[in-house]
Structure formats: C-alpha cells, structure tokens
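Okay, so here's the structure we're looking at.
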Amino acid sequence: AFSWNSLLQALVRARKHRQACDVFRSRLVPACKPDACTYNIVISGFSNAGDIPSALKILEEMKTAGLPPDAFTFNPIIAAQCKAGDLEAATQQFRTMSCSPNVATYTILIGAYCRKSRLDEACQLLSEMRGRGCIPNSITYNVLVDSLCKTGNVDMAQELVTRMIGEGCPPNVVTFNALINGYCKAAKPDDARRLLKLMVTKGIQPDVVTYSTIISGLCKSGRVQEARELLDEMNRAGCRPNAFTYGAIVHGLCRLDKLQEAQEVLHRMEESGCVPDVVIYSSVIHALCKAGRLQDAQQLLRRMRAQRKAPDVVTYNAMIDGLCKLGRLHEALQMLEQMDGAGCAPDVVSYSIIVNGLCKSSKLEEARLVLEKMRGAGCNPDVVTYSSLVDGLSKLGRLDEAREVLEEMKRASCAPN
RNA sequence: UUCACUAGGUGAUCGGCA
C-alpha cells in the first residue's frame, strides 16, 4: 500500500486525476488492500478538483471498508466546501464528523469565515479551538492575516502581526508576504517597501514571492521603472525571478500601453530559454486585443503554440473579447467552439463576453439563447452576465424585459449589485 | 505515504478626474 499510495499521491499532485482514479479503481495489485492513507489521498484529490460529490462517495466507501476516517479525511472536503462558498455545508460537515478536528480543520474554517467577512464566527472558532486544547499555529495566524488583508482590513492585519510574537508565533516570510500583498492591493506600494526593509532588519529573508508581490504592486500603480529597479535589486540579492516576477512586469508594461517594451521582455525571455508561460502570453494577447490588433494577437497565439504552451480559458477569453469588441461576433462564436474542441471548457466569463457582444449589437434574442446554452453546459450566468442583458435591454428601451431579467436573477439566487 | 498559509493574465454597468 505504501508504494501505491506514493504513486497515487504523485498523480494527484500532478493533477492527473483521471489516472489517479484509474489506479485506485483498478486496485492494481489484488494482494494490496487500500489503507486509510489511500482513501485520504483520493478524497483529497477529488476535493482539490472541486468534485465534492465524488469525494463524499469515496468517504462512504471508506466507511464501508471498515476504515475510520480521520481529520486528514475530512479536512480536504471541508476546504473544498469552503472554497465553493458553501460555509453552511462545511460547518455541518465539521459539526457532524466522526473524529476530532485538528489545527488544520480549524484553520480552514477560520480562514473561510474571515474571507466572507464573518469575523465574529471566525473569532468564536478561534476561542473554541483554544478551549479544546488545539493551539493555533503560525499557519492559522498567517491565514488570518491574509484573509483580513483580502477583505480590506489591512490595518487589523498589521495589528494582529504585532501581537503574533506574544502568541508564540513570530511572523515569518509568509506573514510578511501576505501583509505586503495587502498593502499592494490597497494601492500602497510604499508601505509594502517599508515592510520589505523591516523584515530584513528582523532577519527574515525576502523571497521570490516578496519581490514579485511588490513588483506587481508598483506596476499596478504605474511605477514600472521602479519595478524594474527592484527586479535588479532582487537579482543582486541572489533571488532568481520566476514567471510571476516577469508576468507582473509584462502586465505592468501592457497597462501603460508600452506594448513594444512588453514584447521585448517576451522576446528576451524566449531567447534566454526561459520560456514565458501561459499567463505572460495571455497578458500580452489581451493588451493587443484591447488595442484592436487582432492580427498581432493571433500571431502571438501561434507563437505560444509553437513554444508548446497551450492557451487556457483566459487566453481564449481575451481573444474572444477582442473579436466581440470589433463586432466580429461570428468569429467569436467560432473561437468558443474551438476552445471547447481543444479540451478547454468555456467558463462563465467566456459566455458573458459573448452575451455582452450580442447585447451591444442589439441581438438580444441571440444573447438569450447563449444564456440557455451556458446553463445547458452546466455553467450558470452570474451577476455580470445578467448585467449585460439588463443593460442591453434597457438601452433599447425594453424596460419591462429588463425588469423580468432582474426577477430571473432573483429566482436563480443571483444578487444584483 | 495522506490535511490547512503568501505573489502575475480575461467579462458588464455607473460615477469621478483628465
């Protein structure tokens, strides 16, 4: 079982879920019975892929096989339910599970409540875990810091960090990175830089995440030159930039309409053997599309394919939007089919782009059909999809129908914003 | 051999500033 578990784990890590499932299902060696670890690995695989029903099915099989599930079994399921936004199901699972929760269980739930700005419940869980002798560790605190930052409570996060030492969990590089990201997202890159200096004085080495985060923050504030200087600085400090680092720079240049320079960075990467990844290509493709340079975008798409980099849903969406904005709806629909055929399932953004394009061309009936089509593909319209429709109808003076769409949203429990 | 933490790319509307 030990060896098979290692193989399964490797497959799950490589996101080869089908193969992992095949290995598990075939029970390749009859003499080798799956143990609790085996089940945990498979359950974790399904959970991470967002397939909660399958995870629950394996959980039942595990019980049937007489193996008692533990926290390692339930944690990935609870995490997946949280990620899907279903805190009620996660909490239900947590309250009814047949084993004791561990620090990870509490950390998952605390982070989820925090990210939904349900701070009271997060605090309740924090004191509950302490009461049960479950001591929050540095990951717990880091999750708190990060989710506070992501909900716009950077000051609260900063305050928590100052208290961490007293709690026996001094801030580490992840803590600082989370906080630095908070300041960057709050458009305060100077505070981020201040923290970079501070962490060094505390003996904590900045890593590639630290630098990439600040570089991205500077770029988002339009300070690409400073970002490039920081890139030099990180090189001098012996920290090798990675795809995130270059991605931030390239995107920053694109946002400033410095498409020429962005493509130069791209070329330099290609030549230096450091092949740009799908994110970097998509970033430039998006910018080219926004500039109406569909030809150039298509050429870059070909170049990325030549580099054996497969376009993903974001790449296609950028292209589809570019086509729509030029009124080339037919080609946009073709590309939607093309991505599907290439094994890249269109998502709610893909369909929304098309819906918006059709609405802008006053093709409301066709837009309606796309809504049906996406539902049929198991992809529910979201608030943006509906907004395009409401806007299209309103601008044509078809206000009654627009109101009807609002009702439809309500029925689909999609809250208007 | 199995669980929880940090960084880059895509869609609507409206408003402010230029």
Side-chain angles (χ1 to χ4, degrees), chain A residues 1-10 12 35-44 47 70-79 102-111 137-147 149 172-182 184 207-217 219-220 242-252 254 277-287 289 312-321 324 347-357 359-360 382-392 394 417:
Chain A
F2 191 95
S3 315
W4 287 111
N5 289 350
S6 303
L7 172 64
L8 271 178
Q9 174 69 3
V12 166
D35 61 10
C37 262
T38 319
Y39 282 99
N40 288 351
I41 292 167
V42 176
I43 288 172
S44 164
S47 302
D70 59 9
F72 282 51
T73 318
F74 286 106
N75 289 349
I77 300 177
I78 292 173
N102 62 13
V103 187
T105 322
Y106 279 107
T107 302
I108 292 165
L109 284 163
I110 289 171
N137 61 19
S138 47
I139 298 186
T140 315
Y141 285 105
N142 288 345
V143 168
L144 272 166
V145 169
D146 181 55
S147 32
C149 284
N172 58 23
V173 63
V174 175
T175 323
F176 273 98
N177 289 347
L179 199 54
I180 283 173
N181 188 42
C184 286
D207 63 9
V208 61
V209 176
T210 321
Y211 285 111
S212 302
T213 306
I214 303 177
I215 285 174
S216 164
C219 287
K220 290 232 157 82
N242 64 12
F244 281 79
T245 328
Y246 288 116
I249 298 267
V250 168
H251 186 234
C254 287
D277 67 6
V278 56
V279 173
I280 300 183
Y281 279 116
S282 304
S283 197
V284 181
I285 286 175
H286 170 242
C289 286
D312 68 6
V313 58
V314 177
T315 325
Y316 282 112
N317 289 349
M319 291 289 314
I320 293 174
D321 189 52
C324 283
D347 65 3
V348 58
V349 176
S350 324
Y351 289 111
S352 301
I353 291 167
I354 302 273
V355 167
N356 185 46
C359 288
K360 289 286 186 295
D382 68 8
V383 61
V384 176
T385 329
Y386 286 117
S387 300
S388 289
L389 211 53
V390 170
D391 182 55
S394 303
N417 62 15

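The chains referred to below are lettered A, B, ... by the order of the sequence lines, with proteins before strands, and numbering in each begins at 1.
- A:D207 and A:N177 are linked by a side-chain donor-acceptor pair at a separation below 3.5 angstrom, with hydrogens and angles left out of the test.
- Heavy atoms of A:I249 sit nowhere under 4.0 angstrom from any nucleic acid atom.
- Looking at A:S387, its side chain comes within 3.5 Å of the base of B:rA12 through a donor and an acceptor atom.
- Atom C1' of nucleotide B:rU10 and atom CG of A:D277 are separated by 15 Å, given to the nearest angstrom.
- Residues A:D391 and A:S388 have side chains that never bring a donor and an acceptor to within less than 3.5 angstrom of each other.
- Using a 4.0 Å heavy-atom distance criterion, A:A36 is classed as making no nucleic acid contact.
- You'll find the side chain of A:C324 stays beyond 4.5 Å of the side chain of A:N356, heavy atoms only.
- Residue A:Y246 contributes atom OH, which lies 16 Å from atom C1' of B:rA7 at whole-angstrom precision.
- In this structure, A:K360 reaches the B:rU13 phosphate: one of its side-chain N or O atoms is under 4.0 Å from OP1 or OP2.
- Heavy atoms of A:S283 sit under 4.0 angstrom from primed sugar atoms or phosphate atoms, though from no base atom.
- Going from atom OH of A:Y106 over to atom P of B:rC3 covers 21 Å, rounded to whole Å.
- If you check distances only, the side chain of A:N242 never reaches the base of B:rG8 with a donor-acceptor pair under 3.5 Å.
- Regarding A:D207, its CG atom lies at a distance of 15 Å from the C1' atom of B:rG8, rounded to whole Å.
- For A:M319 and B:rG9, the CE to P distance is 20 Å, given to the nearest whole Å.
- The base of B:rG8 is not paired with the side chain of A:S216 by any donor and acceptor separated by under 3.5 Å.
- With rounding to whole Å, A:F74 atom CZ is found 14 Å from B:rU2 atom C1'.
- Side-chain atoms of A:N137 come within donor-acceptor range of the base of B:rA4, with a qualifying N/O pair under 3.5 Å.
- Side-chain N/O atoms of A:N102 and A:D70 include no donor and acceptor closer than 3.5 Å.
- Residue contacts shown for A:D70 are absent, as no nucleic acid heavy atom lies under 4.0 Å away.
- Remark: A:I77 CD1 to A:I108 CD1 distance equals 10.5 Å, nearest 0.5 Å.
- Using a 4.0 Å heavy-atom distance criterion, A:D347 is classed as making no nucleic acid contact.
- Here B:rA12 is the nucleotide among B:rU6, B:rA12, B:rG9 with the atom lying nearest to any side-chain atom of A:N417.
- Distance from the side chain of A:F72 is smallest for B:rU2 among the nucleotides B:rG11, B:rU2, B:rU1.
- Among the atoms of the strands shown, none is found under 4.0 Å from any heavy atom of A:T105.
- Among the atoms of the strands shown, base atoms are found under 4.0 Å from some heavy atom of A:T385.
- Contacts of A:V145 with the nucleic acid, taken as non-hydrogen atoms under 4.0 Å apart, are absent.
- In this entry the distance linking OH of A:Y386 with P of B:rG11 reads 21 Å, nearest Å.
- A:D391 contributes no side-chain N or O that forms a donor-acceptor pair with the base of B:rU13 under 3.5 Å.
- Within the 4.0 angstrom heavy-atom criterion, only backbone atoms of the sugar-phosphate kind lie near A:V143; the bases stay farther away.
- In this structure, A:N102 places its CG atom 11 Å from P of B:rC3, rounding to the nearest Å.
- Across all strands shown, A:V348 has heavy atoms under 4.0 Å from base atoms, whether or not it also approaches the sugar-phosphate.
- A:A248 comes within 4.0 angstrom of sugar-phosphate atoms only, judged by non-hydrogen atoms across all strands, and of no base.
- A:N317 and A:D347 share a side-chain donor-acceptor pair at under 3.5 Å.
- With a 4.5 Å cut-off on side-chain heavy atoms, A:N172 and A:N142 count as touching.
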